[in-house]
**Q** 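The structure is given below, and queries will be raised subsequently.
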2 protein chains.
Amino acid sequence: MSKNQRVRTKKTVEERRQDILEAALKVFSENGYKGATTAEIARQAGVAEGTIFRHFATKKELLTAVLEPKIVEGLIVLDQEKRESSPEEFFRCFLKNRLELMQENAGLFRLMFAEAQYHSEVREALFHGILGPGIGLVKPWFDKGIAQGLFKPLPFIPTMRSFMGMAMFYGVFGFLFPNLSPESTIDEAADHIAELFLHGLVRSDS
Amino acid sequence: MSKNQRVRTKKTVEERRQDILEAALKVFSENGYKGATTAEIARQAGVAEGTIFRHFATKKELLTAVLEPKIVEGLIVLDQEKRESSPEEFFRCFLKNRLELMQENAGLFRLMFAEAQYHSEVREALFHGILGPGIGLVKPWFDKGIAQGLFKPLPFIPTMRSFMGMAMFYGVFGFLFPNLSPESTIDEAADHIAELFLHGLVRSDS
DNA sequence: ACTTCTAATGAGTGATTACTCACTTATTTT
DNA sequence: AAAATAAGTGAGTAATCACTCATTAGAAGT
């Protein structure tokens with residue numbers, strides 16, 4: 001049966017696809033989209049160059065295929081357990097989770113933000129895969145905190161902007177200037193950023 | 001005299017150089033380094049392609065030439081007048097100054113941070129032109145604040161990292177997602193970021 | 001006016017690239 | 001075992017690119 005056949009072969013096909021995607025992510029994030037060559041991706045994936053184009057019609061399709069699935073994965077993890085803890089505790093957990101995700105997929109994130117400048121598809125993937133869900137998670141927390149009188153009534157989007165900047169740049173900076181970046185655990189970084197974001201640099205008793 | 005001759009011609013030569021640099025910045029920041037072609041830069045500069053290589057030996061030299069001078073310019077502006085105002089006031093001024101500089105040279109900054117990933121020359125230019133001077137300016141202020149007991153004794157570099165992230169990402173975010181970014185003045189943005197960075201999201205009377 | 005020098009030109013060049021296609025290899029079906 | 005189908009291959013292709021160089025244009029000096 002053609003069904004049977006499909007199932008049998010498709011598993012191997014899927015593995016090949018994964019090999020290519022893995023190599024593509026590596027080469028893209030090391031050289032940028034334009035700087036990466038399909039020949040090098042094929043080499044690192046251990047396949048012939050032609051094989052890439054049997055799985056992905058164009059180089060650009062390969063780029064979006066690299067970005068999209070990874071983006072969603074691991075996004076809505078900590079919901080249940082920490083939802084009803086204190087707002088500060090929730091935030092610290094959320095931030096730590098985000099920093100971990102970004103550290104595990106550092107190359108992907110750097111690639112995404114660099115290429116988002118030049119490709120609207122990447123911007124859209126970024127928006128639908130990360131920004132949207134992230135906002136959906138944080139907005140209720142933010143609103144609740146304000147309603148309870150715990151947070152200042154700051155505008156949401158600009159505040160998110162600052163928060164994302166702190167978190168994103170933490171990883172980028174560490175990559176660009178490793179010698180300037182004292183090695184610290186994710187926990188320490190999360191504590192530091194949370195302290196700043198929630199309470200600021202100025203001592204509260206002054 | 002050859003002197004006379006030189007003077008006469010060199011002015012025009014310098015203008016040509018500027019035309020090329022200007023066009024190069026535009027094309028580089030729109031397409032990235034690899035995505036930009038010398039043909040397009042020549043077209044936008046209104047010169048022949050060969051002319052570019054009379055002024056800059058290679059494409060990469062053109063890139064560094066685009067970045068270096070712009071970086072230093074306008075860096076140490078507000079020193080004198082605001083040095084001895086209150087720490088908070090100093091910070092707000094410094095931040096506003098930085099945001100203005102980044103807004104005026106938005107394309108340059110995006111280009112620089114994207115390409116810093118791939119070219120060590122760019123990383124070094126970034127470090128010597130921006131990071132170093134910036135640290136030199138902020139560190140005394142930071143240390144003094146701590147010594148006076150006004151600031152929490154947080155580690156300097158990680159705190160800088162968070163601050164830079166907030167400021168940098170403000171512009172990047174506005175470029176990537178203009179529809180999500182309510183148009184606001186630099187003053188408003190500076191006030192908002194300063195409030196967050198200095199005092200945090202949580203109300204201090206809670 | 002003639003020579004000299006320099007900056008500018010753009011067609012040309014070799015290298016590189018994304019993508020193709022005729023063919024091989026492997027697996028399944030009959 | 002033979003035929004059929006699908007997946008993989010890599011030499012080949014047309015296009016593109018950074019960079020070159022013989023030539024031209026124009027100003028400066030005499």
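So you know, we letter chains A, B, ... as the sequences are listed, proteins then strands, and number each from 1. Worth saying up front: this structure is predicted, and the values here are computed from it rather than measured.
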**Q** Which residues satisfy the ring-ring contact (aromatic ring centres under 6.0 Å, His included) test with B:Phe156, sequence neighbours excluded?
**A**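 Partners of B:Phe156 by the ring-ring contact (aromatic ring centres under 6.0 Å, His included) criterion, ordered by chain and then number, come out as B:Phe142.
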**Q** C:dA15 P sits how many Å from B:Lys34 NZ, rounded?
**A**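 Interatomic distance, NZ of B:Lys34 to P of C:dA15: 16 Å.
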**Q** Using a 6.0 Å cut-off, check whether atom CD of A:Gln103 has over 12 heavy atoms from anything other than its own residue.
**A**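 Check fails, neighbour count at 12 or below.
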**Q** Can you find a pair of side-chain heavy atoms, one from A:Arg54 and one from A:Arg16, that are under 4.5 Å apart?
**A**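 Not touching, per the 4.5 Å side-chain cut-off.
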**Q** Return the residues of residues 52-62 of chain A meeting this criterion: a heavy atom under 4.0 Å from some atom of DNA chain C. Order them by number, or give none.
**A**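 When residues 52-62 of chain A is checked for heavy atoms under 4.0 Å from DNA chain C, the hits, listed by number, are A:Phe53, A:Thr58, A:Lys59.
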**Q** Separation of A:Phe28 atom CZ from C:dA18 atom P, in whole Å?
**A**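 Spelled out: CZ on A:Phe28 to P on C:dA18 is 9 Å.
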**Q** In whole Å, what is the span from the CD atom of A:Glu14 to the P atom of D:dG8?
**A**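 Roughly 12 Å, once rounded to whole Å.
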**Q** With side chains defined as the heavy atoms from C-beta onward, is the minimum distance between B:Leu131 and B:Met164 less than 4.5 Å?
**A**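 Touching, per the 4.5 Å side-chain cut-off.
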**Q** May I ask you to check whether over 12 heavy atoms, not counting those of A:Lys152, lie within 6.0 Å of atom NZ?
**A**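 For A:Lys152, atom NZ is crowded (more than 12 foreign heavy atoms under 6.0 Å).
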**Q** Classify the nucleic acid contact of A:Thr37 as base, sugar-phosphate or nothing, counting any heavy atom under 4.0 Å across all strands shown.
**A**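 Sugar-phosphate only.
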**Q** Toward the 5' end of DNA chain C, which comes first, A:Tyr33 or B:Gly50, by nearest nucleotide?
**A**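 Taking each residue's closest nucleotide, the earlier one in sequence belongs to B:Gly50.
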**Q** Within a strict 4.5 Å, meaning less than it, do heavy atoms of the A:Leu95 and A:Ile193 side chains meet?
**A**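 Yes, their side chains come closer than 4.5 Å.
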**Q** Restricting to ring-ring contact (aromatic ring centres under 6.0 Å, His included), what partner residues turn up for A:Phe151, sequence neighbours left out?
**A**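 Only A:Trp141 meet the ring-ring contact (aromatic ring centres under 6.0 Å, His included) criterion with A:Phe151.
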**Q** Closer than 4.0 Å, any side-chain N/O of B:Arg16 to the OP1 or OP2 of C:dA8?
**A**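 For C:dA8, OP1/OP2 do have a side-chain N/O of B:Arg16 under 4.0 Å.
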**Q** Which residues within residues 38-49 of chain A lie with some heavy atom under 4.0 Å of an atom in DNA chain D?
**A**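 Residues of residues 38-49 of chain A under 4.0 Å from DNA chain D: A:Val47, A:Ala48.
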**Q** Just jot down the ring-ring contact (aromatic ring centres under 6.0 Å, His included) partners of B:Phe28, sequence neighbours excluded, or say none.
**A**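 ring-ring contact (aromatic ring centres under 6.0 Å, His included) list for B:Phe28, sorted by chain: B:Tyr33.
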**Q** Considering only NZ, NE, NH1 and NH2 on the basic side and carboxylate oxygens on the acidic side, decide whether A:Glu30 and A:Lys26 come within less than 4.0 Å.
**A**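 Yes.
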**Q** Dot-bracket for DNA chain C, please, read 5' to 3', with Watson-Crick or G-U wobble pairs under 3.5 Å on both distances, ( ) within the strand, [ ] crossing, | other strand, . unpaired.
**A** ||||||||||||||||||||||||||||||
**Q** Please work out which of the three classes, parallel, tilted or perpendicular, describes the rings of A:Phe177 and A:Phe173, given edges at 30° and 60°.
**A**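 Plane angle between 30° and 60°, so tilted.
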**Q** Output the rounded distance in Å from CD1 (A:Ile20) to P (C:dA18).
**A**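 In whole Å, C:dA18 P and A:Ile20 CD1 are 15 Å from each other.
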**Q** Taking the ring centre of each residue, are A:Phe163 and A:Phe91 less than 6.0 Å apart?
**A**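 Yes; A:Phe91 has its ring centre under 6.0 Å from that of A:Phe163.
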